[in-house]
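Structure, as structure tokens:
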Amino acid sequence: MPKAKFFTNQEIAEILRNIAAAYEVKGEDLFRVAAYQRAAASVEHSTSQLKDLWDEGKLDEVPGIGKSIASYLDELFRTGKVKHFEQVMKALPPSMFVFEKIPGVGPKRALELVQKLNITSEKGAVKRLKKAAKEGKVRVLEGFGEKLEEDLLAGIEALEKGELKTARMPLYLADSLARELIAYLKKNPKVVEAHPLGSLRRMLATIGDIDISVSTENPKEVMEYFFKYPKIKKVVSKGEEALGRVVLESGQQVDIRLSLPQRYGAMLQYFTGSKQHNINLRSYALGKGLSLSEYGIKKTKVKKAEIKAYPTEEEFYHDLGMEWIPPEIREGRGEIEAAERTAQGKADGLPDLVELKDIKGDLHLHSNFPIEPSHDLGASSFEEMIRTAEELGYQYLGFTEHNPSVSQHSLQQIIDLIRKKSVLLEEISYSSERAVKKRGKKIPIKIFNGLEVDINPSGELAIPEKAFQYLDYAIIAVHSSFGLNREKMTKRVLQGLSHPKAKILGHPTGRVIDVREGYELDWDKIFDFCLKKGKFLEISALPNRLDLPDFLVREAVEAGVKLAINSDSHEASQIALLKYGVAVARRGWTEKKNVINTLPLNKLSDILF
DNA sequence: GCCGTTTTCGGCCCGACTGTTTTCAGTCG
């Protein structure tokens, strides 16, 4: 078989969007246009690489990709191009698709500008458009005016400066910006409630724009208050009482949507999405003769039917005949059917998702103990991290620094360093036990002596056999040679996992968000091995990893594999980031029983050792 | 072009906002 071409999800999404735009200006059926747009968005938001899915023959499992688009993408991966797409694009000037990237310019205006200003080639197109706008040649075009010309210039400048945030922000950043803004909003007594919406409420690994909903009886007043938020750089859109849109000083776009309390539930539901969830929910409702909107539910068969309003989401879902669905799983992946089964008291309904409060300990921490590691050392001491964990009410902690670097140390030095750490940890454990006995109350936090050990390309672990005697357990992980093919990588990982002390496979796909794709593994084999040999897969809560990704979490859970949700903290303050790992778990339909560090200490010890 | 608990045909979300317009078109989410 000839070598396949690689296209990123982003590139594929752009191709599909361009096809949609081409169809739109050609006056094609708007539903076909929408279908391509939907497919593009779905590809963009897909948590796995389409190339991988294509390899596995699973392209049509992506929502919005059916027979036709799948076959076009197949052609794309095999040959690097799609004849049909080239046909569609043939008559259209390439500059059109460049102009479309300017905010406020869609396919129609883009084509209009291209034709009226006669800028057809892609090269220098934006510069020529800018010049034309500056010379007042845009405002005289039909349908354009002074303001649009001004906006166009501003848009071009933003594009040139690279200010258009196409890149999505990491979840923790969106989460913290939103929290800060919500805290500000709630200071206003007219604000009844405020929540994040969209992908942030569903806790995706990366977030496009921040959307916030507000419940209030005084929308105008609250809207004015919102625009006074000190961190706003620019107001983009100034609705009176429904929608406000701003850009923060830090560059992120924030939308705020206001609603009266009596219909807040429907609004919250509507804008939480996902799009696919809402589409499925709407068609489900239509089957029952109901039509959904952000304002509520109305009967389709009754003329001039009144819209029934819903103060809460729970009531909204209940009226549709289903249980309330946690936002994290509203992705159009069977949750509606599951919620219906739950409401009917049947088995196999919604999962009882794991919660942060279920977590009893963290098994992956990097202290600043000078173990002279191959990778980054932590920044906080054992004591600092233990204190933080105690504040969180944890029962146990595992210190798992990286193994001492192999190139810088002799085997004996590696053994000595690991022993030294175990001696020190024992002292700390002993003295804290003694202190507690004296005060006589709480059980002290149990400290495990672990290590994060590299799996060498050969599958060997990076510390000598003798060093393992000092460890309670090892998290093993791939930190080098990411380029091995799927077969070799799977063999490597399985061999690493077969060591009796190797209990947890750390950040299993090796992905770093926006930096590198993970390597490929034969997940069926990995799941099978974990299940048979009592090994566990990690969900690393590190904001730029969130690995396992949610879709693999769901597969692991369905296969019966148990998970460990760890913070992988490199300083004490990061321990609290574990909540993002819980979010990933929830998105993967994980229940408490699927997670080993929800177990109390004695039960955990039973399965870990 | 996609999709399926009324459907393999016939549906497919639509409202807010803005600018250019005198009642609407384009963009966006």
Side-chain angles (χ1 to χ4, degrees), chain A residues 16-17 19-21 23-25 28-42 59-73 84-85 88 99-113 138-152 155 197-199 208-211 219 223 235-245 253-259 266-267 270-295 298 300-301 307 321-322 332 334 336-337 340-341 344:
Chain A
L16 295 173
R17 273 220 180 80
I19 297 297
Y23 276 146
E24 190 171 350
V25 295
E28 257 300 339
D29 174 19
L30 279 179
F31 291 113
R32 179 177 291 184
V33 173
Y36 271 94
Q37 283 169 344
R38 213 164 38 237
S42 179
L59 266 189
D60 54 2
E61 285 183 15
V62 180
I65 293 188
K67 249 187 172 170
S68 303
I69 295 184
S71 82
Y72 294 142
L73 293 185
H84 171 69
F85 288 175
V88 174
F99 290 173
E100 253 213 295
K101 294 189 173 123
I102 303 166
V105 180
K108 295 198 173 156
R109 279 182 193 153
L111 186 62
E112 185 78 4
L113 287 167
V138 171
R139 67 178 70 181
V140 294
L141 302 176
E142 202 185 324
F144 288 83
E146 258 181 68
K147 187 65 176 45
L148 271 181
E149 189 177 73
E150 225 173 84
D151 290 350
L152 189 67
L197 296 166
S199 53
D209 297 330
I210 297 170
D211 296 314
M223 191 65 93
V235 174
V236 179
S237 178
K238 203 164 187 168
E240 273 204 353
E241 48 184 60
L243 170 73
R245 176 169 299 158
Q253 181 170 303
V254 177
D255 285 5
I256 188 172
R257 292 180 183 277
L258 307 188
S259 162
M267 198 263 267
Y270 185 82
F271 287 107
T272 294
S274 67
K275 208 160 199 170
Q276 196 56 49
H277 173 79
N278 283 356
I279 288 170
N280 293 359
L281 196 65
R282 264 196 305 272
S283 70
Y284 172 92
L286 278 175
K288 296 189 161 196
L290 301 169
S291 145
L292 312 181
S293 76
E294 61 185 286
Y295 302 111
K298 71 175 177 189
T300 47
K301 286 174 188 155
I307 299 177
M322 63 185 73
I336 291 170
E337 296 76 6
E340 194 185 20
R341 287 194 293 270
Q344 293 165 350

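Numbered from 1 within each chain, the chains take letters A, B, ... in sequence-line order.
- Residues that satisfy the ring pair (Phe, Tyr, Trp, His ring centres under 6.0 Å) test with A/Phe271, not counting sequence neighbours, are absent from this structure.
- Atom pair A/His84:NE2 and B/dG1:C1' shows a separation of 10 Å (rounding to whole Å applied).
- Atom name P, nucleotides B/dT22 and B/dG26: the rounded distance is 14 Å, in whole Å.
- Between A/Leu59 atom CG and B/dC2 atom C1' there is a gap of 15 Å when expressed in whole angstrom units.
- Note on A/Ser283: every side-chain N or O is 4.0 Å or more away from OP1 and OP2 of B/dG4.
- Taking atom P in both B/dG11 and B/dA16, the straight-line distance is 26 Å, to the nearest Å.
- In this structure, A/Asp60 places its CG atom 12 Å from P of B/dG4, rounding to the nearest Å.
- Comparing A/Ile69 and A/Asp255 along DNA chain B, the residue whose closest nucleotide (by nearest heavy atom) sits nearer the 5' end is A/Ile69.
- Looking at every heavy atom in both residues, A/Val62 comes nearest to A/Ser42 through CG1-OG, 3.3 Å.
- Under the Watson-Crick or G-U wobble criterion, with both distances below 3.5 Å, B/dT8 has no partner in any strand shown.
- Not counting sequence neighbours, A/Glu24 has no partner by the side chain to side chain donor-acceptor pair (under 3.5 Å) test.
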- Query: Along nucleotides 9-18 of chain B, 5' to 3', which nucleotides get a B, which get an S, and which get a -, given that the test is a protein heavy-atom distance under 4.0 Å?
  - Reply: ---BB-SSSS
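- A/Glu294 places no side-chain N or O within 3.5 Å of a backbone atom of A/Tyr270 that could act as its donor or acceptor partner.
- A/Glu146 places its CD atom 8 Å from the P atom of B/dT20, with the value rounded to the nearest Å.
- Of the candidate nucleotides B/dG29, B/dC2, B/dG19, B/dG29 has the atom nearest to the side chain of A/Gln253.
- Rounded to an integer number of Å, the gap from A/Arg17 CZ to B/dT27 P is 15 Å.
- Here A/Tyr36 pairs with A/Tyr23 under the ring pair (Phe, Tyr, Trp, His ring centres under 6.0 Å) rule; sequence neighbours left out.
- B/dC14 and B/dT20 are spaced 22 Å apart, taking the C1' atom of each and rounding to whole Å.
- Residue pairs meeting the salt bridge (charged side-chain N to carboxylate O under 4.0 Å, His left out) criterion with at least one member in residues 30-40 of chain A, sequence neighbours excluded, are A/Glu28-A/Arg32.
- Nucleotides of DNA chain B nearest to A/Glu340 and A/Lys67 differ in position, and the one nearer the 5' end is that of A/Lys67.
- Within 4.0 Å (heavy atoms only), A/Tyr284 reaches no atom of the nucleic acid at all.
- Residue A/Gln37 contributes atom CD, which lies 11 Å from atom C1' of B/dT27 at whole-angstrom precision.
- Atom CD in A/Glu112 sits about 14 Å away from atom P in B/dT20, given to the nearest Å.
- With rounding to whole Å, A/Leu73 atom CG is found 12 Å from B/dG1 atom P.
- Legend: residues meeting side chain to side chain donor-acceptor pair (under 3.5 Å) with A/Glu112, ordered by chain and number and at least two apart, are A/Lys116.
- Residue A/Val33 is out of contact with every strand shown, counting any heavy-atom pair closer than 4.0 Å.
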